[in-house]
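Read the structure below first, then the notes.
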Amino acid sequence: MTTSLPLVFDEPRRAKKPPRHLADLTGEERRTAVAALGEPAFRAKQLSNHYFSRLVSDPAEMTDLPAATRDKLVADLMPPLLTRVRDLECDNGETRKTLWKLLDGSLVESVLMRYPGRATMCVSSQAGCGMACPFCATGQGGLTRNMSTAEIVEQVVDGARALARGEIAGGPGRVSNIVFMGMGEPMANYKAVMGAVRRFTDPSPEGLGISARGVTVSTVGLVPRINQLATEGIPVTLALSLHAPDDELRDELVPINNRWKVDEVLDAAWGYARQTKRRVSIEYAMIRDINDHAWRADLLAEKLNARGDWGWVHVNLIPLNPTPGSKWTASDPADEREFVRRLEAAGIPTTVRDTRGQEIDGACGQLAAASK
């Protein structure tokens with residue numbers, strides 16, 4: 001099909017790490033860090049309140065802190081990590097994609113999507129991706145490095161700030177949902193991603209106070225990490241990027257399948273649902289004449305139902321979003337409808353994803369952080 005890239009699980013050893021930030025630290029670690037600067041430990045809570053509750057990082061706005069103290073604390077615990085390169089908007093201003101430059105020059109992207117009654121942030125967890133999926137722009141670019149917890153959190157804090165200030169069409173609002181579906185394989189940067197999940201879900205002012213049920217962590221299928229996630233005690237939604245129900249095709253579309261096969265991945269997903277009582281989402285990009293055959297819909301339904309019919313799973317079909325130079329295209333609408341019909345006839349709840357941000361290359365599989 002295509003020339004395959006190698007799978008990369010670990011970032012390059014030369015990867016430069018960003019400085020420590022408040023959002024990297026637990027509450028206890030923040031108190032220790034503040035005390036090390038010669039300040040009383042309660043300043044950590046004040047600083048956390050400014051960052052996570054008031055969404056403020058400018059020391060001039062932290063008027064409950066002594067002037068000399070606030071400058072010192074912000075310089076040490078809230079260093080700038082992301083530099084905005086540009087924003088692109090579509091959907092009448094309700095979708096905004098932001099290109100960020102990290103301190104080492106790496107480029108990443110995040111997408112803010114406003115819907116009636118909710119606002120979703122799609123965040124990146126790595127600069128690039130090492131999973132090498134041939135139909136994904138990010139995967140074809142390779143892995144530059146892992147992002148830190150704070151670099152992940154900063155994407156959401158920026159979106160929360162924009163919503164709070166009424167900068168996004170629809171008036172003032174707040175982030176209600178976070179999806180780890182930007183650049184990178186979240187499970188390959190597990191420690192930093194789980195740190196970010198905790199910052200998102202910890203009650204204010206320790207974190208942003210977002211419901212764990214509003215946080216979705218996606219993966220192409222790193223089975224040991226799926227199993228580990230089930231033990232964390234944080235009931236986030238697991239989204240498994242399956243894209244094919246048979247090993248022959250998935251070996252090509254999702255190269256990680258050469259390490260953990262379809263049945264192993266589905267067993268891990270089922271185990272996650274059983275442990276957490278949270279319904280798993282199966283992500284399936286519909287690619288014309290590649291994986292959209294009626295028999296594959298039947299096989300997918302058979303494999304999902306074999307593991308239980310207690311509502312443990314939901315299939316989310318994604319019309320393939322175009323990427324420059326790709327030979328892959330979206331399924332014919334009639335084939336897509338038949339795929340949905342067969343899944344639903346087998347009792348599998350199925351939806352077709354709203355492809356927000358497609359015209360600004362902000363939709364699923366399109367993020368590649370081009371600086372042009």
Side-chain angles (χ1 to χ4, degrees), residues 9 118 120-126 129 131 133 136 138-139 149 152 156 175-201 210-245 250 253-254 256-257 259-285 300-301 303-318 343 348-353 364-365:
F9 291 92
R118 75 183 196 276
T120 298
M121 278 296 309
C122 177
V123 298
S124 293
S125 56
Q126 295 178 306
C129 183
M131 295 298 102
C133 299
C136 174
T138 312
T149 288
I152 298 169
V156 176
V175 174
S176 55
N177 299 78
I178 299 165
V179 295
F180 282 86
M181 295 182 178
M183 300 177 69
E185 163 54 48
M187 296 287 192
N189 188 18
Y190 188 86
K191 184 177 179 182
V193 164
M194 288 312 302
V197 167
R198 289 189 166 87
R199 296 308 98 76
F200 296 150
T201 58
I210 294 170
S211 168
R213 293 174 177 271
V215 178
T216 297
V217 178
S218 68
T219 180
V220 291
L222 279 67
V223 167
R225 293 305 195 193
I226 295 173
N227 295 336
Q228 186 176 355
L229 184 65
T231 69
E232 294 283 356
I234 306 176
V236 299
T237 298
L238 173 69
L240 172 61
S241 296
L242 193 68
H243 305 311
R250 195 169 192 265
L253 291 183
V254 188
I256 194 74
N257 203 70
R259 180 159 314 188
W260 293 290
K261 296 299 185 182
V262 168
D263 284 335
E264 293 176 88
V265 173
L266 290 178
D267 284 344
W270 179 83
Y272 183 85
R274 181 185 57 181
Q275 177 80 19
T276 63
K277 304 297 186 285
R278 295 287 292 139
R279 187 169 72 168
V280 169
S281 179
I282 300 293
E283 309 292 301
Y284 197 106
L300 176 59
K303 292 202 170 210
L304 298 180
N305 280 329
R307 288 163 174 82
D309 58 1
W310 46 275
W312 73 274
V313 70
H314 164 266
V315 172
N316 188 24
L317 300 178
I318 307 164
L343 288 173
I348 304 294
T350 305
T351 53
V352 178
R353 182 186 290 177
C364 183

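This chain uses plain numbering: 1 for the first residue, then up along the sequence.
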- Message: Contact between Val315 and Leu242 at the side-chain level, heavy atoms closer than 4.5 Å - yes or no?
- Response: no

- side-chain contact (heavy atoms from CB on, under 4.5 Å) with Ser241: which residues, sequence neighbours excluded? Val220, His243, Glu283

- Please examine the side chains of Trp260 and Val254, heavy atoms only from C-beta on, and report whether any two atoms are closer than 4.5 Å. no

- Item | Atom pair CD (Gln126) and CD1 (Ile152), whose distance is rounded to the nearest 0.5 Å | 9.0 Å

- For Thr219 and Gly221, indicate whether the former's side chain and the latter's backbone hold a donor-acceptor pair under 3.5 Å. yes

- Residues which pass side-chain hydrogen bond (donor to acceptor under 3.5 Å, both in side chains) with Asn189, listed by chain and number, not counting sequence neighbours: none

- Kindly give the heavy-atom pair with the smallest separation between Leu253 and Ala244, and that separation in Å. CD1-CB, 4.4 Å

- Note on the structure: side-chain contact (heavy atoms from CB on, under 4.5 Å) filter on Ala273, not counting sequence neighbours, yields Val280, Trp310, Trp312

- Find out whether Phe200 and Val175 are in side-chain contact, i.e. whether some heavy atom of one side chain is under 4.5 Å from a heavy atom of the other. no

- Query: What distance separates Lys303 NZ from Ile348 CD1, expressed to the nearest 0.5 Å?
  - Reply: 13.5 Å

- Do the side chain of Arg250 and the main chain of Lys261 share a donor and acceptor less than 3.5 angstrom apart? no

- Task: Please identify each residue that fulfils side-chain contact (heavy atoms from CB on, under 4.5 Å) with Val179, with sequence neighbours left out.
- Result: Thr120, Cys122, Met181, Thr216

- Item | Minimum heavy-atom distance Ser176-Ile210, with the two atoms named | O-CG2, 3.7 Å

- Query: For Asp267, which residues count as a salt bridge (charged side-chain N to carboxylate O under 4.0 Å, His left out) partner, sequence neighbours excluded?
  - Reply: Arg307

- Task: Scan for salt bridge (charged side-chain N to carboxylate O under 4.0 Å, His left out) pairs involving residues 179-189, sequence neighbours excluded, and state none if there are none.
- Result: none

- Output all residues satisfying side-chain contact (heavy atoms from CB on, under 4.5 Å) with Thr351, sequence neighbours left out; order by chain, then residue number. His314, Asn316

Please table the atom pairs, donor to acceptor, closer than 3.5 Å between any side-chain atom in residues 222-236 and protein atoms at least two apart or in another chain.
residue : atom : partner : partner atom : Å
Arg225  : NH1  : Gln228  : OE1          : 2.6
Asn227  : ND2  : Val223  : O            : 3.4
Thr231  : OG1  : Gln228  : O            : 2.7
Glu232  : OE1  : Arg198  : NH2          : 2.7
Glu232  : OE2  : Tyr190  : OH           : 2.7

- Message: According to side-chain hydrogen bond (donor to acceptor under 3.5 Å, both in side chains), does anything in residues 268-278 pair up with another residue at least two apart or in another chain? List the pairs.
- Response: Thr237-Arg278

